[in-house]
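Down below is the structure, laid out as structure tokens.
Atoms within a ligand are numbered from 1 in the order they appear, just like the ligands themselves. Every value quoted in this text rests on a predicted model; they were computed, and no experiment measured them.
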Amino acid sequence: MAASIIQLLPDHVANQIAAGEVVQRPASVVKELLENAVDAKASDIKLIVKEAGKTLVQVIDNGLGMNTTDARLCFERHATSKIRQAEDLFDLHTKGFRGEALASIAAIAHVEMKTKQDQEELGNHIVVEGSKLITQEVAVLPKGTSFAVKNLFFNIPARRNFLKSETVEFRHVMDEFQRVAMAHPSISFTLIHNGSELYNLPSSNFRQRIVAIFGGKTNEKLVPVAEDTELVKIAGFVGKPEYAKKSRGEQFFFVNDRYIKSAYLHHAIMSAYEGLLKEGNQPSYFLYLQVPPHTIDINIHPTKTEIKFDDEHSLYAILRSAVKHSLGQFNVAPILDFERDSNLDTPYQYKDKEADFPTIQVNSGFNPFATEKPSKSLSSFGSYKKETSQSNWESLYVGLKQDTEEIASFSFESEEVTGKLFEDDTIETSTSTYQVHKKYIVSAIKSGMLVINQKRAHQRILYEQFLTNITIQKAASQQLLFPLELYFSSDEMQLLKELQHTLENTGFVFDTFKADAIQISGLPVLMKESEVSMVLESLISNLQNEVPESSFSQSDTIAKSMAKSLAIKTGTYLTEKEQENVLNSLFACKEPNVSPFQKPTFITLTVEDLDKRFAL
Ligand code: ADP
Ligand code: MG
């Protein structure tokens, strides 16, 4: 008889093999650690990443923490506090349950964990490298848990080499972060990559969280979806068909607070949009499904992004009709003319009303054609204090004229204006400006050159203007032809009522305050109708996150919030006139040097600085 050849694998080898399933890339670590923090009932979660997670993934939470025994046990395979018996698999209320993640991660990385339970004096500090316990010590720690995972795949060079570029890996990290953050809007999340803060998401609701992640413009694109049946509760939003894009970007299903992929449910959505989309376009959707836990099986894939539903067919039908209903109710279907301007839409509250003859009120002081470009009326406030306080900045230009020819012969990277650089009149004006990368405004000054960050500069300008309007002098309004009705929750309405007077000073005109809606008939001059709901929503969420100490700090928050929402963005082309207006208005400000958020608005490069660069 030949000798037996089968052996049981040592634990650390088994863990390494299992790790291959759970941890494909740094983003997998991000997902597991974030989910553990959510399961630990944290209300605040920080994710710190270096080099797309290849060198560091750290998650810090303020959750329940672990006691000394659990702190050691959590690294064992099949060690979990979340299920006790097989039946529990059919009644899951947590993200994790396999008890594999930490064992897998610890097998293929250097892990440093700090954890403390609220009621304990001291916590535990543990270091594990490649499944080997290096140290375990008691330590003074804050409540909660911090996991730092360093040097991923340090002992599996093949896997390390298999990783993609930092850009690609970081995209995966962002995806995981966004999915968990979207599934749990009441938890605050921060993401820091290579030392810079990319997201700081305060506790909020679904809509605000989506807007905080995908930007203010998202708000106006969303149509709410709601359905409540025994089988499934649906909440969330779908994108208006006219905003559908060629790329398949913002499509999310969450089932019982877990991000999942489902080609089948995706098909249900697509069929609800039938006839509304241009060929090949993809709508965005953010849909939250709650189903009884025993009707799903999450156990079919180790990363748990695929699940099986008991009654898929009914789910399909309910989802499809809920989305169809929403698209219909909000008058976004049918849309056959895809090119039309959505700004010309009748507000949907008016669609069933009889058309009564509009009483037209026009603010004669408001001239929509006063500006050259319809984008942002920069020139409408460009004259603001311009004449009176030129002296502040005028000196920058003194003595410039004779230097102008030298300076103007630099070739700046600016699409529309470079052609004019050498025309006589351009050289003659001493304050010529150039826009670089639709982001900076460059202007020659006496000592060298001035580089202005257009977005921050405009924030400063608007901030001071709004603050003046709120505290000293009421601003003018532009009257709307049709009043705008916007819906809010009752606590949001409460807040808006408190702000009514302040907002009126900025130019808002409110007709009625109902229990759940406001009617607006006038807007601040700079605001477009399509921006109103975005501005008010971000204002509300900014104020909800602020503890107002005095009425000044409230005015300040409002001015800041509105300035932030309305300032021209990076990527906006500015005409020369607009560039000049930004420059002039900025230096007419009380504090031109910094944005309302204390970031520098401009820098100067002296001729000496430039000379030094050329001396290299
Ligand atoms: P699972 O999440 O499937 O239970 P893990 O390996 O991810 O398995 O975690 C093992 C156990 O460690 C969890 O069940 C939990 O008890 C504990 N744990 C992990 N992370 C944390 C955390 N951030 N806070 C508190 N306990 C945690
Ligand atoms: Mg887990």
Side-chain angles (χ1 to χ4, degrees), residues 11-12 14-24 27-48 57-86 88-109 111-120 123-128 131 133 136 139 141-149 176-177 179-180 183-184 187-190 256-259 293 298-305 307:
D11 258 3
H12 70 274
N15 280 338
Q16 261 196 31
I17 294 170
E21 246 191 302
V22 184
V23 187
Q24 278 113 25
S28 328
V29 176
V30 168
K31 172 179 194 286
E32 295 299 336
L33 295 185
L34 288 178
E35 291 190 346
N36 279 347
V38 171
D39 283 345
K41 301 192 165 44
S43 62
D44 183 62
I45 300 176
K46 278 192 184 57
L47 168 62
I48 300 167
V57 173
Q58 183 172 17
V59 170
I60 304 169
D61 71 51
N62 64 351
L64 298 172
M66 284 176 262
N67 71 17
T68 307
T69 316
D70 288 348
R72 176 68 195 92
L73 260 183
C74 72
F75 292 105
E76 297 296 324
R77 201 135 65 96
H78 306 306
T80 179
S81 55
K82 298 167 194 174
I83 57 171
R84 304 234 167 266
Q85 51 202 15
D88 295 345
L89 277 176
F90 304 102
D91 190 22
L92 285 171
H93 297 275
T94 52
K95 311 268 97 104
F97 55 84
R98 298 168 68 106
E100 275 181 330
L102 293 180
S104 300
I105 293 166
I108 51 166
V111 180
E112 182 173 5
M113 181 186 71
K114 294 172 180 171
T115 185
K116 189 185 88 77
Q117 296 185 305
D118 200 14
Q119 68 278 14
E120 299 295 327
N124 279 273
H125 179 184
I126 292 185
V127 178
V128 179
S131 299
L133 179 69
Q136 172 160 12
L141 296 169
K143 169 200 171 192
T145 306
S146 155
F147 270 98
V149 176
E176 295 298 350
F177 175 83
R179 289 166 186 173
V180 179
H184 301 278
I187 301 177
S188 57
F189 284 92
T190 313
N256 295 359
D257 305 335
R258 185 192 303 276
Y259 168 81
I298 307 165
N299 207 4
I300 57 174
H301 193 270
T303 58
K304 312 177 209 96
T305 48
I307 65 176

Quiz item: What part of L64, side chain, backbone, both or neither, has a heavy atom within less than 4.0 angstrom of ligand 1?
Solution: neither
Self-check item: CD on E32 to CD on E176, rounded to 0.5 Å
Solution: 9.0 Å
Quiz item: Are any of the N/O atoms in L102 less than 3.5 Å from those in ligand 1?
Solution: yes
Quiz item: Are any of the N or O atoms of D39 closer than 3.5 Å to those of ligand 1?
Solution: no
Self-check item: Min N/O separation G99 to ligand 1 under 3.5 Å
Solution: yes
Quiz prompt | For F147, the ligand 1 atoms whose distance to one of its heavy atoms is below 4.0 Å | solution = 20 (N)
Self-check item: From CG (D70) to OG1 (T115), nearest 0.5 Å
Solution: 9.0 Å
Exercise. May I ask you to check whether T80 brings an N, O or S atom to under 2.8 Å from the Mg ion (ligand 2)?
Key: no
Practice problem: Write down the atom of A71, the atom of N124, and the distance for their closest heavy-atom approach. | Solution: CB-CB, 4.1 Å
Practice problem: Indicate, as side chain, backbone, both or neither, the part of T80 found under 4.0 angstrom from ligand 1 when only non-hydrogen atoms are considered. | Solution: both
Practice problem: Please determine if E32 has a nitrogen or oxygen closer than 3.5 Å to a nitrogen or oxygen of ligand 1. | Solution: no
Quiz item: What's the spacing between D61 CG and K143 NZ if we round to 0.5 Å?
Solution: 9.0 Å
Quiz item: Got a second to check how far T94's OG1 is from N36's CG, nearest 0.5 Å?
Solution: 9.5 Å
Practice problem: Search all heavy atoms of Q58 against all heavy atoms of S146 and return the closest pair with its distance. | Solution: NE2-OG, 3.0 Å
Practice problem: Enter the distance from N62:CG to I45:CD1 here, rounded to the nearest 0.5 Å. | Solution: 7.5 Å
Quiz item: Looking at A101, which atoms of ligand 1 are within less than 4.0 Å of one of its heavy atoms?
Solution: 6 (O), 7 (O)
